[in-house]
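Quick notes on the structure that follows.
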Amino acid sequence: MHKLLTLLLLLTITTHAEDLYKQPSKPRKVTKISSKDATALVDTNDVPDLKEWGNKAGTLCVEWFPKIAALLPSEGFEAPKQVTLYFDPAMKGVAHAANGKITISAAFVRSHPDDWGMVVHELTHVVQAYPPGGPGWLVEGIADYIRIVHFELQAPRPKLTRLASYKDAYKTTAMFLEWVEKNHTAGLVVKMNAALRKGEYNDKLWSELTGRPVDELWETFIRSFKLRDMESEASDKKTK
């Protein structure tokens, strides 16, 4: 019993000593950029060299928040109006969005200082606010649809091979969505967005909205895409 009391006393003294040497954490200063429609909080505390870039990204978010919300409406849904941008000095990869916060790799920004489309892509995820369970390829495809169809209209698009799939996500899926809207069902993305937001998406939705299964639509799209590329190559050869 005496030994136990002595041990408890030593642990208490050690804990108190550690508490005395703990340094209070410094409050983080964020830059607030706002309009009547949206607010961005920019945190570059850990990467002060990116403060200017971060502020530009925040301004871009404030501008595009209401635009993306208007492009992805659904009944009874009120889009968020605030986002936090945090620049992570240790993060690998590019960026990710969760719970109203976009975490961006500082290394990526330094090596890709002109990639503002990445910010719009991640901001779209904030606006999407989908519940878990939806297909990732479509979620990412819609985010890149906003990016390349509405924000970066002149951005280069990938060449698709026979191995490509509508489930490749990102720009591949975005291009497919754009083609389906132009050739079959206007407003398809808005309807897919609404289903995803309600947690009601399934592959049968393609047939219900377009009259054709998604695999059949993809085959038609990829054939037209290849034909367009062949015609473009033939035209280039004639001009040389």
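None of these values were measured; they are calculated from a predicted model. We count residues from 1, following the sequence as given.
In the hydrophobic cluster analysis, where Ile, Leu, Val, Met, Phe, Trp and Tyr join through side-chain heavy atoms closer than 4.5 angstrom, Tyr170 is grouped apart from Met118. In the hydrophobic clustering of ILVMFWY residues, with side-chain heavy atoms under 4.5 Å counting as a link, Leu138 and Val149 come out together. Under the 4.5 Å side-chain contact rule for hydrophobic residues, Leu71 and Met192 share a cluster. A continuous path of Ile, Leu, Val, Met, Phe, Trp and Tyr side chains, each step under 4.5 Å between heavy atoms, connects Val127 with Leu60, placing both in one hydrophobic cluster. The hydrophobic clustering, which links ILVMFWY residues whose side-chain heavy atoms are closer than 4.5 Å, places Ile148 and Val94 together.
Atom CH2 of Trp116 and atom OG1 of Thr59 lie 9.0 Å apart (nearest 0.5 Å). A distance of 10.0 Å separates CD1 in Ile146 from CG in Leu123, rounded to the nearest 0.5 Å. Here CZ of Phe151 is found 13.0 Å from NE2 of His121. Values are rounded to the nearest 0.5 Å. Atom CD1 of Ile104 and atom CG of Asp115 lie 10.0 Å apart (nearest 0.5 Å). Between the CD1 atom in Ile102 and the CG atom in Asp43 there is a gap of 13.0 Å [rounded to 0.5 Å]. With values rounded to the nearest 0.5 angstrom, Ile222 atom CD1 is found 8.0 Å from Thr172 atom OG1.
Contact of the Val30 side chain with the Thr84 side chain is not registered, since no non-hydrogen atoms from C-beta on lie closer than 4.5 Å. Here the side chains of Asp49 and Arg110 are in contact, with some heavy-atom distance below 4.5 Å. The shortest side-chain heavy-atom distance between Phe176 and Tyr145 does not fall under the 4.5 Å cut-off. Side-chain contact between Tyr86 and Asp46: present, with at least one pair of heavy atoms (C-beta onward) separated by less than 4.5 Å. A 4.5 Å side-chain heavy-atom check between Pro158 and Met175 finds at least one atom pair inside the cut-off. Using a 4.5 Å heavy-atom threshold, the side chains of Cys61 and Val119 count as touching. Side-chain contact between Glu140 and Thr173 is absent, with no heavy-atom pair separated by less than 4.5 Å. In this structure the side chain of Phe221 never reaches within 4.5 angstrom of the side chain of Tyr166, judged on heavy atoms.
Looking at every heavy atom in both residues, Ala174 comes nearest to Gly141 through CB-O, 3.6 Å. In terms of heavy-atom proximity, Ala106 sits nearest to Val47 at CB-CG1, 3.6 Å. Ser35 and Val62 get closest at one heavy-atom pair: OG-CG1, 3.4 Å. Of all heavy-atom pairs between Pro135 and Leu196, the closest is CD-CD2, 3.8 Å. Nearest heavy atoms, Leu217 versus Arg212: CD1-O, 3.7 Å. Nearest heavy-atom pair across Trp206 and Thr210 is O-OG1, 2.6 Å.
Between the Arg197 side chain and the Gln128 main chain, a donor and an acceptor come within less than 3.5 Å of each other. Side chain of Thr185 to backbone of Leu209: a donor-acceptor contact under 3.5 angstrom is found. A donor-acceptor pair under 3.5 Å links the side-chain atoms of Asn45 to the main chain of Lys29, judged by distance alone. Side chain of His112 to main chain of Phe108: a donor-acceptor pair is present (N/O by atom type, distance under 3.5 Å, no hydrogens or angles). The backbone N or O of Ala95 lies less than 3.5 Å from no partner atom in the side chain of Thr103, so there is not a single donor-acceptor pair. Panel note: side chain Ser105, backbone Met91; a donor-acceptor pair is recorded below 3.5 Å. With hydrogens and angles ignored, the 3.5 Å screen pairs no side-chain donor or acceptor of Asn55 with any backbone N or O of Glu52. In terms of modelled atom types and a separation under 3.5 Å, the side chain of Gln82 and the main chain of Thr39 share no donor-acceptor contact. Proximity of a side-chain donor or acceptor of Asp37 to a complementary backbone N or O of Lys81 within less than 3.5 Å is not detected.
The environment of Lys67 atom NZ is dense: over 12 non-hydrogen atoms of other residues, nucleotides or ligands sit within 6.0 angstrom. Within a 6.0 Å sphere centred on CG of Asn202, other residues, nucleotides and ligands contribute more than 12 heavy atoms.
Glu122 and His125 share no donor-acceptor pair across their side chains, judged by distance under 3.5 Å alone.
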**Prompt:** Yes or no on salt bridge (Lys or Arg N to Asp or Glu O under 4.0 Å) for Glu178 and Lys182, after CA distance, side-chain angles and deciding distance?
**Reply:** CA-CA 6 Å; Glu178 179 186 27; Lys182 287 181 177 179; 3.4 Å; yes

**Message:** Working note: Glu152 + Val120, criterion side-chain contact (heavy atoms from CB on, under 4.5 Å); need CA distance, chi angles, decisive distance, verdict.
**Reply:** CA-CA 10 Å; Glu152 291 180 327; Val120 169; over 6 Å; no

**Request:** Test side-chain contact (heavy atoms from CB on, under 4.5 Å) on Trp64 and Thr124 and set out the steps.
**Result:** CA-CA 9 Å; Trp64 272 83; Thr124 300; over 6 Å; no

**Prompt:** Can you check side-chain contact (heavy atoms from CB on, under 4.5 Å) on Leu72 and Phe77, steps first, answer last?
**Reply:** CA-CA 10 Å; Leu72 297 177; Phe77 175 76; over 6 Å; no

**Item:** side-chain contact (heavy atoms from CB on, under 4.5 Å) between Trp179 and Thr220, worked out
**Value:** CA-CA 10 Å; Trp179 178 85; Thr220 305; 3.8 Å; yes

